Amino acid sequence: MLKYTFMQRAFIAGIIISIIAPLIGNYIILKRFSQIGDTLSHSAILGVALGLLLGINPLFGALAVTIFFALALERLRRCFKGFAEISLSIITMTSLAFSAIVFSRIKSSASVMNYLFGSIIAISKMDLILILMVAIPTLTLILLFRKELLYICFDEDSALVSGINVKFLNLILNVLVALVIGISLRIVGGFLISALLVMPGAVAMKISSNFSNLQRYSILVSLFSVVLGIIASFYLNISPGGSIVSILIFIYLMVEVLKGRVR
Amino acid sequence: MVELINVSYSYEDKVALKDINLKIEKGELCVIVGPNGSGKSTLVSVICGIYKPDKGVVKLFGKEDHNHFRKKISFVPQKVSSFNQLFPISVKETVLLGLVPQKGYFKGFSSQDLKKVDEILQKLDLIEFKEKQLGKLSGGQQQRVFIARALISEPELLILDEPTVGIDSKSEEILYKLLLEQKAKNTTIVMVTHDIFAIKSYADKIICMKDGEILTICGAQEFSVKKYKQIYFED
């Protein structure tokens, strides 16, 4: 399996994404803003559509459009203070509407499917370089703002009072989510990216009593699911997005059952 | 230390604070009292900078621009409304959050910081729960953890919004002991409370509020419980 170059790329990309996605996903879970993953993944699909239409690398398109909507989201949230979900719905619908229009202008549907459900054979050398170029600063930012992000997730008011730049960090968080979605698109696909952001954290929350363990366990769960999902995708010839998320759901159910027995 | 000049604040069309003028000196323990909906928590939120006043000026440390002084301020919010019991955070991690503003970006916690956590938890009789999940503690213990988080940074201005609501007598006793210790260190304390005992025993200044206005500002000596009850029950 590893003698194939496309599998080597799939594993490298998959391992990078499986470490970064839960690290940032855990913050949006704790901020009770998990839906942002769904919303921005729709924006990523629009970016892919624009990329394919304009003949540029769809990952570039996805990153650019997702970051644009992540910034717009923060602005809209301020307009609907206390009703953040309205801003999420507006961005989701806007992305879907434009995606529908742009996709109707694209002739080939095969490449579109790869971006919706992921593909292990489609990761090009350029994609891998782009994933690495985005992953390194993303991981650096997550580590640099780790304690500040935890503070605003736990108690935004107290963080604000003691001088933490809450507005800036919320913006950073949105942009980080956008970046993770952009680079995860190839492996998991636009429809299932938010599962990679949320599911590892959902499993880890069941067995963690502190934030450090939440981060550790969610990475382990994510890494295991992504690696196993890619292997399953190779041998069973199924979409990696589907296999990865199915494994995540299976782990979640197992943890629920085992926790129930312990109780 | 804290000065409000003609401050007003509204939630959409509901006026919450009307032309508030007050001055709290350095080292004072100031208590804000009044019936529910009188504007106490809004007043505290305006002082903290959570809400920006529609009108008027809020001066902290003698300045209108408080950004440089924010690290010297600690806030203890109403616990129940601000904290999700399932949040995966330990007591130690919660208390360390109090040091985040002082550390600044890019810096991690040192062994010195961890020692400070141990000291403050020891003081608040919480050391045995250090590694426990915050949500698994009792209401009183959780409130003490929030107070530990506020005190670990040794603030010059400490603001507490109803810190004694729903807590046991042991926690209450520890809280007041600590507040007096802070006062002795010249920390300015602003506290919203319904606890008449605290008002009479500890306060230097009492601000009585009703319908978004300050009815009276007096010292503990002049404060009459009878008058206080009138504010509550005359309607």
Side-chain angles (χ1 to χ4, degrees), chain A residues 22 25-34 78-83 140-169 172 200-218 221 255 259, chain B residues 11-12 41 44-45 47-51 60 66-79 81-84 86-94 96-109 113 130-136 146 149-150 152-153 155 157-159 161:
Chain A
N26 289 340
Y27 290 111
I28 58 170
I29 293 176
L30 297 178
K31 263 182 90 70
R32 300 208 215 164
F33 206 45
S34 308
R78 267 179 269 146
C79 297
F80 295 101
K81 211 177 170 200
F83 295 94
T140 312
L141 281 175
I142 297 170
L143 295 176
L144 286 179
F145 294 117
R146 182 182 185 270
K147 59 187 190 314
E148 286 81 7
L149 286 171
L150 175 63
Y151 204 174
I152 64 163
C153 291
F154 180 67
D155 185 355
E156 195 168 296
D157 281 349
S158 296
L160 177 83
V161 170
S162 52
I164 302 288
N165 195 338
V166 173
K167 217 162 112 181
F168 169 70
L169 286 166
I172 287 277
V203 174
M205 256 182 99
K206 293 277 168 195
I207 48 175
S208 307
S209 60
N210 60 56
F211 183 70
S212 303
N213 281 345
L214 178 78
Q215 297 284 57
R216 266 181 226 126
Y217 297 152
S218 59
V221 169
V255 170
K259 269 208 97 177
Chain B
Y11 296 101
E12 301 290 330
S41 291
V44 157
S45 296
I47 293 172
C48 285
I50 297 169
Y51 298 151
L60 300 182
H66 331 131
N67 287 336
H68 297 299
F69 305 103
R70 295 234 151 256
K71 287 174 192 166
K72 298 177 181 177
I73 308 171
S74 280
F75 176 54
V76 181
Q78 283 188 34
K79 180 192 69 70
S81 63
S82 65
F83 165 58
N84 184 335
L86 292 176
F87 200 105
I89 190 166
S90 67
V91 168
K92 180 178 85 182
E93 286 172 331
T94 310
L96 276 171
L97 288 179
L99 291 173
V100 171
Q102 290 185 347
K103 299 302 290 181
Y105 299 119
F106 316 130
K107 274 188 190 166
F109 296 113
D113 298 328
K130 187 175 141 185
E131 301 297 342
K132 252 198 145 181
Q133 187 171 353
L134 182 63
K136 300 264 164 70
F146 277 79
R149 186 191 67 179
I152 195 167
S153 60
L157 174 59
L158 176 64
I159 301 169
D161 193 357

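Chain letters run A, B, ... following the sequence lines, proteins first and then strands; every chain starts at 1. Note that this is a predicted model, so its numbers are computed, not measured.
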Counting only pairs under 3.5 Å, give me each side-chain donor-acceptor contact of residues 157-165 of chain A, with atom names and distances, residues two or more places apart or in other chains.
unit_1: A:S158; atom_1: OG; unit_2: A:D155; atom_2: OD1; d: 3.4
unit_1: A:S158; atom_1: OG; unit_2: A:D155; atom_2: OD2; d: 2.6
unit_1: A:S158; atom_1: OG; unit_2: B:R149; atom_2: NH2; d: 2.9
unit_1: A:S162; atom_1: OG; unit_2: A:S158; atom_2: O; d: 2.9
unit_1: A:S162; atom_1: OG; unit_2: A:A159; atom_2: O; d: 3.4
unit_1: A:N165; atom_1: OD1; unit_2: A:F168; atom_2: N; d: 3.3

Say you draw a straight line from OG of A:S212 to CD1 of B:I89; how long is it, rounded to the nearest 0.5 Å? 9.0 Å

With chain A, which of B:K107, B:K132, B:K72 has the greatest number of heavy-atom pairs at distances under 4.5 Å? B:K107

Heavy-atom closest pair, residues B:L86 and A:M205: O-CE, 3.8 Å

Testing the basics here: between A:S209 and B:E131, what is the closest heavy-atom pair and its distance to 0.1 Å? OG-O, 4.5 Å

What's the shortest heavy-atom distance between B:K103 and A:K147, and which atoms? CB-CE, 3.7 Å

What part of A:R32 is in contact with chain B, defined as an atom under 4.5 angstrom from a non-hydrogen atom: side chain, backbone, both or neither? side chain

Counting only heavy atoms closer than 4.5 Å, note whether A:Y151 contacts chain B via side chain, backbone, both or neither. both

If one checks every heavy atom of B:S153 against chain A at 4.5 Å, the contacting part turns out to be neither

Any donor-acceptor pair under 3.5 Å linking the side chain of B:E93 with the backbone of A:N210? no

Has A:F33 got more than 12 heavy atoms of other residues, nucleotides or ligands less than 6.0 Å from its CZ? yes

Heavy-atom contact with chain B under 4.5 Å, split by part of A:L30: both

In this structure, CG of B:N84 is separated from NZ of A:K31 (nearest 0.5 Å) by 13.5 Å

Please state whether the side chain, the backbone, both or neither of B:L134 comes within less than 4.5 Å of a heavy atom of chain A. side chain

Under a 4.5 Å heavy-atom cutoff, which of B:G108, B:P88, B:C48 has the most pairs with chain A? B:P88

Identify which of B:S45, B:P101, B:S90 forms the greatest number of heavy-atom pairs closer than 4.5 Å to chain A. B:P101

Drop me the distance from A:I152's CD1 to B:L97's CG, to the nearest 0.5 angstrom. 11.5 Å

Tell me, side chain or backbone of B:F109 under 4.5 Å from chain A's heavy atoms, or both, or neither? side chain

On the 0 to 90° scale, with breaks at 30° and 60°, tag the A:F154-B:F146 ring pair as parallel, tilted or perpendicular. parallel

